[in-house]
Every structure is written in structure tokens, then in C-alpha cells.
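All heavy atoms count here, side chains included; hydrogens, waters and symmetry mates do not. Quantities reported herein were computed from a predicted structural model and do not represent experimental measurements. Along the sequence shown, residues carry numbers from 1.
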Amino acid sequence: MDEKLSLQSLDITSEKIEQLKRIIPEVFSEGKINLEKFRQALGEQVETDQERYGISWAGKNESIKNIQTQSTGTLRPNLEESINFDDTENMIIEGDNLEVLKLLQRSYYGKVKMIYIDPPYNTGNEFIYPDNYREGLDEYLKFTGQVDEKGNKQSTNSETSGRYHSKWLTMMYPRLFLARNLLKEDGLIFISIDDNEVHNLRLLMNEIFGEENFISNIIWEKRYGRSNDAKLMSSVSEHLLLYRKSEKLSVLREPRNESNNKDYSNPDNDPRGPWTSVSFVSQRTKDERPNLAYTITNPYTGKEFKHPTNSWKYNKEKYEDMLSDNRFYWGKNRDQDFPRIKRFLSELPEGMVPVNLWKHSETGTTDQGTKEVIELIGKNIFTYPKPISFIQRMLKLGSKGNDIILDFFAGSGTTAQAVMELNKEDRSNRKYICVQLPEKCDEKSEAFKAGYKTIADITKERVRRVINKLQQKEQEGLQFDNELQLDLGFKVFRLDSSNFKVWDGSKVATQPDQIEEQLDLFVENVKDGRTELDILYEIMLKSGFSLTTHVEDIELEGVKVYSVAEKSLFVCLIDKMNKKLIQAMVEQEPEQVICLDMAFHEQDELKTNTVLEMKSRNINSTFAE
């Protein structure tokens with residue numbers, strides 16, 4: 001039996017129900033969950049009291065509905081604005097991040113190692129979605145034009161308006177919920193926030209990620225000078241909430257740097273390399289640990305002694321082993337009474353335990369972030385960007401190798417720059433996915449005067465200039481590691497309605513001539529103005545392939561067929577199918593074939609035979625319509 005390609009994003013509710021069926025099938029009765037059986041199965045773990053601890057706000061039910069509402073949109077590739085489109089694994093996506101997160105569910109579920117976002121801080125003058133914005137694709141398309149059928153424009157969320165905190169929570173909840181799905185089980189999410197919403201965000205994250213997965217509220221010293229313009233208190237710090245996806249991540253370390261190693265040296269030319277010394281004296285007294293209060297002898301002076309009040313750290317047998325292994329430092333002149341233990345840099349555990357205070361001297365400031373943007377794209381183009389070093393500290397803590405990094409409030413593109421420059425530094429191949437709403441720049445702004453129509457335009461241009469800078473360094477002789485091919489490119493995608501004409505049951509015609517006209521439209525179900533690449537990437541996205549999967553054009557019977565992921569999928573987009581082409585595809589033995597349904601118009605017998613032939617060869621056949 002042939003299958004139709006679903007044009008909707010992953011059904012989150014159905015996915016959860018299927019998971020429950022696998023884990024506790026006994027709670028289902030006639031296909032639905034029996035709440036009484038559910039309570040019996042889980043016992044005291046089910047909360048039944050009306051009064052319970054948690055977070056609630058006006059609009060929470062709306063947020064949950066937004067999660068459950070599937071998207072029928074797509075992400076259309078834009079080759080002209082991309083760099084190295086065919087080979088790069090980085091992406092910049094223009095569009096409402098809620099819709100984009102929904103569309104990424106099939107392809108990137110459980111694949112992202114680290115998320116960093118810097119969302120609107122809800123300070124009264126930040127961009128917030130208005131109340132009457134349902135956050136569906138149709139509304140998004142109207143909204144990005146700055147006006148809907150009622151003339152509504154982008155608005156702020158001032159403290160004088162009703163539901164001040166509720167609006168912000170309603171905007172954040174579905175996005176964070178969907179973002180969690182994309183994280184790997186050992187993944188991390190960092191969220192920048194200020195004092196206005198940190199308390200609410202913490203409760204929100206506890207509900208979505210689980211209180212047990214809270215790691216830290218990191219305090220970032222964003223500036224080193226106070227502002228004398230403040231009326232009550234000058235703010236020099238921001239919050240950075242850190243959560244993990246699950247307890248699969250049990251240890252967290254950040255790499256050592258030159259500053260951490262400055263106390264290590266090798267004055268005695270020990271073959272084990274640089275070392276520092278720590279005390280051999282225990283914090284315990286001789287009365288507390290009498291077995292560790294023994295006499296030791298300085299091997300260089302022959303002097304014997306005990307500590308007058310405290311015990312040693314280890315027993316006599318271990319002391320003797322360490323002494324014979326030259327693991328004690330007896331002072332510059334080797335005449336020290338109390339030895340110190342040599343701690344070798346080469347023997348330290350990999351990395352250091354991170355701390356929850358990130359000082360400006362180590363992590364950068366907002367002023368530094370502003371200078372970095374000015375250097376690349378000019379003055380007064382983008383306000384309050386985070387410094388590269390700030391995001392790189394997160395990247396060093398939460399990612400490595402080929403990990404995927406997601407930022408769905410991309411702003412000026414600092415995360416993309418941080419990823420590429422860190423890859424150069426530590427010879428890694430992290431990939432980034434940056435999502436930015438194409439919010440229009442004010443026509444009076446410096447950004448607009450400089451030619452940037454939207455914030456997304458700023459994002460793309462900054463990343464382009466970073467790539468140019470890195471390429472220039474290569475040309476100047478600062479070559480990168482020959483074994484690492486640094487990914488200096490990005491694919492651009494734009495959120496749009498599906499390439500296929502989606503049947504809208506609310507607009508069904510009632511008159512015979514109207515019905516015939518409407519059905520004729522769906523005979524050729526691809527929208528005007530859409531390219532083969534548009535269709536190809538929608539099919540890939542909704543079939544669960546990543547948008548950076550390798551695609552190869554092959555020719556069969558004089559027709560171009562797209563081979564996705566080394567014959568994992570064949571996509572044929574011609575409008576008139578024939579038997580020879582079908583046979584040629586079958587002989588290539590792909591795992592799956594997707595064709596346009598309209599290619600079999602008035603060829604029902606050929607379509608039926610195609611399905612049977614492919615089924616006999618264990619090839620899945622799907623039709624896009």
C-alpha cells in the first residue's frame with residue numbers, strides 16, 4: 001500500500017502517546033488513556049490535589065495548544081545568500097523560531113548537543129509577540145509584513161499593559177518545550193536572562209526540564225564599572241541559567257588554560273613535567289587520626305620529626321611509596337621540616353570543575369561584544385551583543401568534535417562567529433543552526449541606513465564577514481591544521497508555507513462549478529514559483545533527513561533523480577512518470593523512493609504496479625501531494 005508524505009511537522013502529542021503505550025500499555029482502554037488505571041499504575045507518583053506547587057499564568061493553556069498545533073510550513077533554501085551551500089553543515093534560518101522548531105522536530109530530534117539563547121528580557125521595550133498572534137504560519141507571514149488584516153503592528157510589552165509577565169511566559173514556554181526535544185540526552189541548554197524574569201524562567205525550566213536537571217544559575221559580570229545614572233542600584237551582572245537534558249550527563253568540566261597552569265613549573269627537571277606543591281599536613285589532629293601521626297625523616301638532612309598538632313594526609317606505607325617515587329618537595333634548599341606533595345600537571349583529571357561566577361576578566365563584557373560588532377559591520381547597527389568569549393566559554397564547557405549547536409534567538413550572529421573561531425582554535429568541527437526572525441529594522445535606524453532591512457540581514461552579513469576574515473588569515477599564511485577542513489560556509493533557509501497546496505477544509509467550495517475549479521487546482525498540487533530545490537528540501541525535512549544531508553544528482557533514463565544520503569532516499573520530481581524510469585530506479589535499490597503524486601495523473605495502473613514492484617524489492621514508496 002502506498003504512503004502519502006505528511007506535510008505536517010511531527011505530532012508531539014501522538015509521539016508522547018506512542019511512548020506511553022510502549023511503557024505502560026495497561027493504562028489504555030479503547031485507544032485512550034484511562035486516568036484511573038494511570039493513577040493505579042503509578043501509585044503515589046500521581047498528584048491529585050487541586051493545590052500543588054508549580055507555575056501557572058494566564059495563557060498557559062494557549063502555550064500548550066501552540067505546542068500541539070502542527071506546522072504545515074517548510075524551509076526554502078536560498079542559494080544566493082548562502083556560502084558554500086553544497087558542502088557546508090552550518091545553517092542560518094529566517095523565520096519565527098516557534099514554527100522553525102516545530103519543523104526541525106523530525107530531522108533533529110535528540111541530535112543537538114548544546115543550545116544557547118539570548119531571548120528578549122521583557123524590559124518594556126523589547127520585541128514581544130502581541131496577544132492576538134496565534135503563532136501559526138499564516139499569522140507569521142502577515143506578521144513579518146508588519147501588519148495584519150486589522151492593521152496590528154509589532155508591539156512592546158510595557159509594564160502598564162495587562163499580563164506583563166504572562167505574555168513573556170506564553171511566548172517562551174512552547175519554544176523551550178520544543179527545544180528540549182532537540183537536545184541529545186547528555187545535552188545542555190544555556191539561557192541568558194536579567195533580573196526581570198529570572199525567577200519565572202527558573203520555574204518554567206524546572207517544569208519543562210525537571211528540577212533535578214538544573215545545574216547552575218551562573219552570574220556573569222557583564223561590565224566592570226558602575227553606572228551613576230541608576231536611581232537605586234547599578235546592575236553589573238546578568239544570569240545564565242544552565243540545565244541538562246537528563247542525568248545521562250553526570251560530570252561537567254571545562255578545559256584548562258594558560259592562566260590555570262601558571263603556578264606549574266619544573267625546577268628539579270622531573271621527567272613527569274611541570275608540577276605544583278600542596279600540603280602533606282592533614283586538617284585532622286593527632287588525636288583524631290593517631291594512625292597518621294608517625295615520624296618521618298628528611299632524606300636530604302636526615303632530620304626526624306612529627307607534626308606538633310596535626311596528622312599527615314596518608315598512612316606510613318603510602319608515604320614510603322611516595323618518597324621512593326620522588327613525589328615530595330622539601331623546599332628550595334631541601335631542608336624543609338614538613339614536605340609538600342608534588343602534584344603533576346600531566347596527572348590531573350581532564351579539565352576543571354566549572355564555577356558559577358564568570359568574571360569579566362575571563363569571559364568578556366557587553367562593551368567588548370559591541371566593539372566586536374562595530375569592527376565587523378559598523379557602529380550602532382546592533383545593540384547589546386554578547387561577547388564572543390562569553391559564548392565560547394559555554395562551547396568549551398558543553399560541546400566538542402562534531403557537535404551541533406543551536407541558537408534560536410540568533411540576533412547579530414555571535415554564536416555562529418564563536419563556533420567558527422573556536423573550531424579554528426581547538427581543531428574541531430562543531431556545526432551551528434542559527435534562527436532569527438526577520439524583524440524589520442526601523443527606517444530611521446543606522447542599521448536601515450546601512451542597508452539592513454531586517455535583523456536577519458544583520459545576522460547573515462556579520463557571519464559572511466567573519467568567514468571573509470578567517471579566509472583572509474589563511475591567505476596571509478596563517479594556515480589551519482591540514483587534517484581539518486574548517487567549515488567556512490552556511491546554508492540559508494527561509495520559513496514559508498508548504499510548496500504543496502494544502503487542502504483547507506474550512507474553505508471548501510459549495511457550488512458545482514466552484515468544486516470543479518478547486519479540484520482542478522489540486523491536480524497540479526505544487527504551488528507556482530516553487531523550485532525543485534524547494535520541493536526537495538521540504539521532502540527531506542518531512543522525511544526526517546537533516547537539511548545538511550549530502551545530496552547527489554544522478555541521471556536515470558535521461559531524467560535527474562536526487563539521491564539523498566547515499567541512496568537512502570531517491571526523490572524524483574518530474575511531472576510525468578514512465579515505466580522505464582521506475583525500473584531504472586528500482587535497479588539502483590534505494591531504501592526509499594518519493595515521487596510527486598501528480599506524476600501518475602491518469603496512470604492509476606502504473607502507480608499500482610510501481611508500489612507492488614518496489615514492495616517486492618523492500619523499497620518504501622511514498623507520494624508527495
Side-chain angles (χ1 to χ4, degrees), residues 5-10 70-115 137 178-179 181-184 402-408 410 413 415-416 419-420 429-438 456 459-460 463 467 487-500 530-553 562-571 573 592 594 622 624:
L5 176 69
S6 173
L7 297 181
Q8 295 184 314
S9 61
L10 184 68
Q70 293 172 264
S71 174
T72 57
T74 190
L75 299 176
R76 298 177 64 188
N78 187 322
L79 274 64
E80 290 183 0
E81 295 203 348
S82 304
I83 295 179
N84 195 23
F85 185 92
D86 290 337
D87 298 319
T88 184
E89 295 186 84
N90 300 316
M91 292 193 295
I92 296 177
I93 303 173
E94 294 183 46
D96 166 34
N97 51 22
L98 179 62
E99 292 293 320
V100 172
L101 288 169
K102 288 180 180 181
L103 291 172
L104 295 180
Q105 295 292 306
R106 291 186 193 275
S107 299
Y108 292 89
Y109 197 103
K111 294 182 180 179
V112 174
K113 185 62 170 67
M114 191 193 108
I115 296 173
L137 185 62
L178 293 168
N181 289 343
L182 300 181
L183 275 177
K184 299 175 72 170
N402 298 317
D403 288 337
I404 299 174
I405 315 301
L406 171 64
D407 181 351
F408 52 91
T415 296
V419 167
M420 288 189 291
N429 191 31
R430 300 173 187 84
K431 301 109 176 170
Y432 59 80
I433 303 174
C434 290
V435 184
Q436 178 56 44
L437 184 77
T459 311
K460 292 176 291 185
V463 180
I467 290 172
D487 187 348
L488 297 178
F490 59 87
K491 299 179 191 284
V492 174
F493 290 89
R494 284 183 177 148
L495 176 66
D496 207 334
S497 58
S498 174
N499 298 295
F500 301 96
R530 302 301 173 96
T531 68
E532 278 198 2
L533 279 184
D534 291 337
I535 299 167
L536 171 65
Y537 277 94
E538 178 166 6
I539 289 172
M540 288 170 57
L541 185 67
K542 293 176 178 177
S543 299
F545 290 90
S546 76
L547 294 170
T548 57
T549 303
H550 178 67
V551 178
E552 182 183 4
D553 298 352
Y562 296 99
S563 173
V564 180
E566 304 296 333
K567 297 185 181 181
S568 295
L569 169 67
F570 272 8
V571 179
L573 299 177
Q592 183 180 4
I594 295 181
T622 309

**Report entry** Worked verdict on K184 versus V112 for side chain to side chain contact (heavy atoms under 4.5 Å, CB included)
**Finding:** CA-CA 6 Å; K184 299 175 72 170; V112 174; 5.7 Å; no
Requested in this report: For Q70, check side chain to side chain contact (heavy atoms under 4.5 Å, CB included) against everything at least two apart and list the hits.
Outcome: Q8, S9, D11
Query raised in the report: Are any of the side-chain nitrogens in D403 or R430 under 4.0 Å away from the carboxylate oxygens of its partner?
Result: no
**Report entry** N/O donor-acceptor pair under 3.5 Å between N499 side chain and D534 backbone
**Finding:** yes
Requested in this report: Taking the side chain as every heavy atom from C-beta outward, state whether T415 and I405 have any pair of such atoms under 4.5 Å apart.
Outcome: yes
Query raised in the report: Would you say the side chain of M420 lies within less than 4.5 Å of the side chain of V463, judging by non-hydrogen atoms?
Result: yes
Requested in this report: Not counting sequence neighbours, which residues clear salt bridge (Lys or Arg N to Asp or Glu O under 4.0 Å) with E552? List them please.
Outcome: none
Query raised in the report: How far does CG of L104 sit from CG of L547, to the nearest 0.5 angstrom?
Result: 7.0 Å
Query - Sequence neighbours excluded - ring-ring contact (aromatic ring centres under 6.0 Å, His included) pairs with any residue from residues 89-115 - result: none
Report task. With sequence neighbours left out, write down each residue that passes side chain to side chain contact (heavy atoms under 4.5 Å, CB included) with N402, or none if nothing qualifies. Result -> N429, K431
Query raised in the report: So, do I433 and I404 sit near enough that their side-chain heavy atoms are less than 4.5 Å apart?
Result: yes
Query raised in the report: Thinking salt bridges, do E89 and K491 make one under a 4.0 Å N-O criterion?
Result: no
**Report entry** Nearest-0.5 Å distance that lies between atom CG in L75 and atom CD1 in I93
**Finding:** 5.5 Å
Query raised in the report: Looking only at atom types and distance, does a side-chain atom of T74 sit under 3.5 Å from a main-chain N or O of S498, one as donor and one as acceptor?
Result: no
Query raised in the report: So, do V100 and L103 sit near enough that their side-chain heavy atoms are less than 4.5 Å apart?
Result: no
Query raised in the report: What's the shortest heavy-atom distance between E94 and A456, and which atoms?
Result: CG-CB, 3.7 Å
Requested in this report: Using distance alone, with no hydrogens and no angle criterion, decide if Y562 and E532 have a side-chain donor and acceptor under 3.5 Å apart.
Outcome: yes
Requested in this report: Would you please name every residue forming a side chain to side chain contact (heavy atoms under 4.5 Å, CB included) with T549, sequence neighbours left out?
Outcome: M540, F545, S546, V564, A565
Report task. Could you walk me through whether D87 and N84 pass side chain to side chain contact (heavy atoms under 4.5 Å, CB included), step by step? Result -> CA-CA 6 Å; D87 298 319; N84 195 23; 3.4 Å; yes
Report summary line: In this structure, CG of N181 is separated from CG of L183 (nearest 0.5 Å) by 9.0 Å
Query raised in the report: So, do I535 and T531 sit near enough that their side-chain heavy atoms are less than 4.5 Å apart?
Result: no
Report task. Decide yes or no for E80 and N78: does some side-chain heavy atom of the first lie under 4.5 Å from some side-chain heavy atom of the second? Result -> yes
**Report entry** Gap between atom CD1 of I92 and atom OG1 of T459 - 0.5 Å precision
**Finding:** 6.5 Å
**Report entry** Donor-acceptor pair, side chain of E99 and main chain of G95, under 3.5 angstrom
**Finding:** no
Query - CD1-OG distance between I594 and S543, expressed to the nearest 0.5 angstrom - result: 3.5 Å
Query raised in the report: Do you know the tightest heavy-atom contact between F490 and K460?
Result: CZ-O, 3.9 Å
Requested in this report: Would you check if I83 and I467 make a side-chain contact, meaning some heavy-atom pair closer than 4.5 Å?
Outcome: yes
Query raised in the report: Can you name the residues that form a side chain to side chain contact (heavy atoms under 4.5 Å, CB included) with R106, not counting sequence neighbours?
Result: S6, L10
Query raised in the report: Would you call T88 and T548 a side-chain contact if the rule is heavy atoms closer than 4.5 Å?
Result: no
Requested in this report: Evaluate side chain to side chain contact (heavy atoms under 4.5 Å, CB included) for F500 paired with R530, printing each intermediate quantity in order.
Outcome: CA-CA 9 Å; F500 301 96; R530 302 301 173 96; over 6 Å; no
Query raised in the report: Has the side chain of Q436 got a donor or acceptor atom that lies under 3.5 Å from a matching backbone atom of F408?
Result: no
Report task. Keeping the roles fixed (side chain from K111, backbone from S107), state whether a donor-acceptor pair exists under 3.5 Å. Result -> yes
Requested in this report: Give me the ring orientation class for F85 and F493: parallel if the planes are under 30° apart, tilted from 30 to 60°, perpendicular past 60°.
Outcome: tilted
Query raised in the report: What distance separates L495 CG from L437 CG, expressed to the nearest 0.5 Å?
Result: 9.5 Å
